[in-house]
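A short write-up of the structure that comes next.
Just so you know, ligand 1 is whichever comes first in the structure, and atom 1 is the first atom listed for that ligand.
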Amino acid sequence: MDDNLVVQAENIKKSFGNNTVIKDISFNLKELENLSIMGRSGTGKSVLIKSLVGLIIPDSGTLNVLGENVLDMDDDEIDEVRRQVGYLFQGGALYDSMTVERNMKFPLRRHPNKPSESEIADLVDETLENVGLIESKSKYPSELSGGMKKRIALARTLIMRPKIMLYDEPTTGLDMITSGEISELILKMREEYDISSIIITHDVSCVELTSDRVIILAEGGILAEGSFDELKNHDDKKIRAYFTMADKKQKNEG
Ligand SMILES: Nc1ncnc2c1ncn2[C@@H]1O[C@H](COP(=O)(O)OP(=O)(O)OP(=O)(O)O)[C@@H](O)[C@H]1O
Ligand SMILES: [Mg+2]
C-alpha cells in the first residue's frame, strides 16, 4: 500500500438482497486529508464508511485501512482498527443516563490498555477543553443543545486519539452558525491530533470549509470527484446542482 494512503478501497460492491447499493466504488484517503462524500439520501454513503470499520462487509472488493486488509480480520483485529478509527455516527447518540464526564470516560475504561483513572481524568478535561465544553462536564445530555451534544459526541470519539475520523453528517439538524462551529472544530482537530477524515455531508458550507477533496456518489458509483471549486463550477449542471440546491435550502432555513 502507498505510504501516504490511510484508506484504499478498490472495486467495492454491496447489495442487500435485491437492493444493489454499491455497484463499484474505488477511492482512497490520504494522510491528513479531509475528504467529503456527498450524494442523495440512500446512495450508500453510510454503508461505505461502515465497511471501513467492519460494521458492514462488502460482497467484493479490497479494502485497506491504515495498511491492514480489513476484509480479512478476526474480531480482535477489527477491534484494533476501531480503536484507531473514530466514528461520529449519524445521530451521534450519547448515553442519556450518564453525565458528560461519564460518557467521555466510557470508551477509555473499556480499552484493553486502559489508562489510569487520573490519566483518564486528564484526557477528559483536555478533550473537553478542546471542544470548548469543559463547563458542561457534570451535565446530562438532556441539558445540552443539539450542537453541544454533537461536540460532546465528537470529544468522546477524539478521546481515543484516532488516526482517522469518520464523520457521518456532523452538522445535520444544526443551525448555520452552530454548523460552522462544528466545521471549524473538524479543522482544528486535524491540526491538534493529525487526523485524516472522511466527512459525509449535505452541508455545502461544511464541504467548502473543511474539505480538500470531494466525492459525489450516485447510482452505486462515483458521479464526480474533485476539489470543492472544481465540482461547484463543473460543466455538468447535474454536478453543480449538488451545490446550488443545497445552497438554496440553507438560505431558506437561515
Ligand atoms: N443493514 C442494512 N440492511 C439492509 N439494507 C441496508 C442496511 N444498511 C443500509 N441499507 C440500505 O442501503 C441503502 C443505502 O443506505 P445508506 O444508509 O448508506 O444511505 P445514505 O447514503 O447514508 O443515506 P442518508 O443520506 O439518508 O443517510 C439504503 O437503501 C438502505 O436501506
Ligand atoms: Mg447515511
[X], [atom1] atom: more than 12 neighbouring heavy atoms under 6.0 Å:
{"X": "Asn19", "atom1": "CG", "value": "yes"}
{"X": "Arg40", "atom1": "CZ", "value": "no"}
{"X": "Arg102", "atom1": "CZ", "value": "no"}

Review point. Under 6.0 Å between ring centres, would you say that holds for Tyr87 and Tyr167?
Key: no

Check your understanding: Got a salt bridge between Arg161 and Glu126, using NZ or NE/NH1/NH2 to carboxylate O under 4.0 Å?
Key -> yes

Practice item. Any chance you could lay out the salt bridge (Lys or Arg N to Asp or Glu O under 4.0 Å) test for Lys23 and Glu219, step after step, and finish with the verdict? Key: CA-CA 8 Å; Lys23 282 186 197 148; Glu219 290 162 19; 5.6 Å; no

Practice item. Report yes if some heavy atom in the side chain of Val21 is under 4.5 Å from a heavy atom in the side chain of Thr43; otherwise report no. Key: no

Review point. Measuring from the heavy atoms of Gly42, does anything fall under 4.0 Å of ligand 1?
Key: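 For ligand 1, residue contact (heavy atoms, under 4.0 Å) with Gly42 is present.
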
Practice item. Tell me, please: is His202 in heavy-atom contact with ligand 1, that is, under 4.0 Å? Key: yes

**Study point:** Those atoms of ligand 1 less than 4.0 Å from some heavy atom in Glu169
**Key:**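 Selected atoms, number and element: 25 (O), 27 (O).
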
Check your understanding: Considering only heavy atoms of Val21, which atoms of ligand 1 have at least one such atom less than 4.0 Å away?
Key -> 12 (O), 13 (C), 14 (C)

Review point. So how far is it from Asp203 CG to Ser183 OG, rounded to the nearest 0.5 Å?
Key: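 Going from the CG atom of Asp203 to the OG atom of Ser183 covers 5.5 Å.
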
**Study point:** Pair Lys137-Asp125, salt bridge (Lys or Arg N to Asp or Glu O under 4.0 Å): steps then yes or no
**Key:** CA-CA 8 Å; Lys137 195 167 136 178; Asp125 286 356; 2.9 Å; yes

Closest approach of any protein heavy atom to [atom], naming residue and atom:
{"atom": "atom 2 (C) of ligand 1", "value": "Phe16 CE2, 3.4 Å"}
{"atom": "atom 25 (O) of ligand 1", "value": "Lys45 NZ, 2.8 Å"}
{"atom": "atom 27 (O) of ligand 1", "value": "Gln90 NE2, 2.9 Å"}
{"atom": "atom 26 (O) of ligand 1", "value": "Ser41 OG, 2.5 Å"}

Practice item. May I ask which of Ser15, Gly220, Ser46 has a heavy atom nearer to atom 22 (O) of ligand 1 than the others do? Key: Ser46

Check your understanding: Between Thr20, Ile22, Val47, Asp168, which one has a non-hydrogen atom sitting closest to atom 15 (O) of ligand 1?
Key ->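 Considering heavy atoms of Thr20, Ile22, Val47, Asp168, the nearest to atom 15 (O) of ligand 1 sits in Val47.
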
Exercise for review: Of the side chain and backbone of Asn19, name the one, both, or neither that has a heavy atom under 4.0 Å from an atom of ligand 1.
Suggested key: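 Only the side chain of Asn19 comes within reach of ligand 1.
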
Review point. Closer than 2.8 Å to the Mg ion (ligand 2), do we get an N, O or S atom from Ser46, backbone or side chain?
Key: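 Yes, Ser46 qualifies, because one of its backbone or side-chain N, O or S atoms lies under 2.8 Å.
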
Review point. What about Gly39: any of its N or O atoms under 3.5 Å from an N or O on ligand 1?
Key: no

Exercise for review: Measure from atom 6 (C) of ligand 1 to the protein's non-hydrogen atoms and state whether any distance is below 4.0 Å.
Suggested key: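 Neighbour list for atom 6 (C) of ligand 1 includes protein heavy atoms (cut-off 4.0 Å).
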
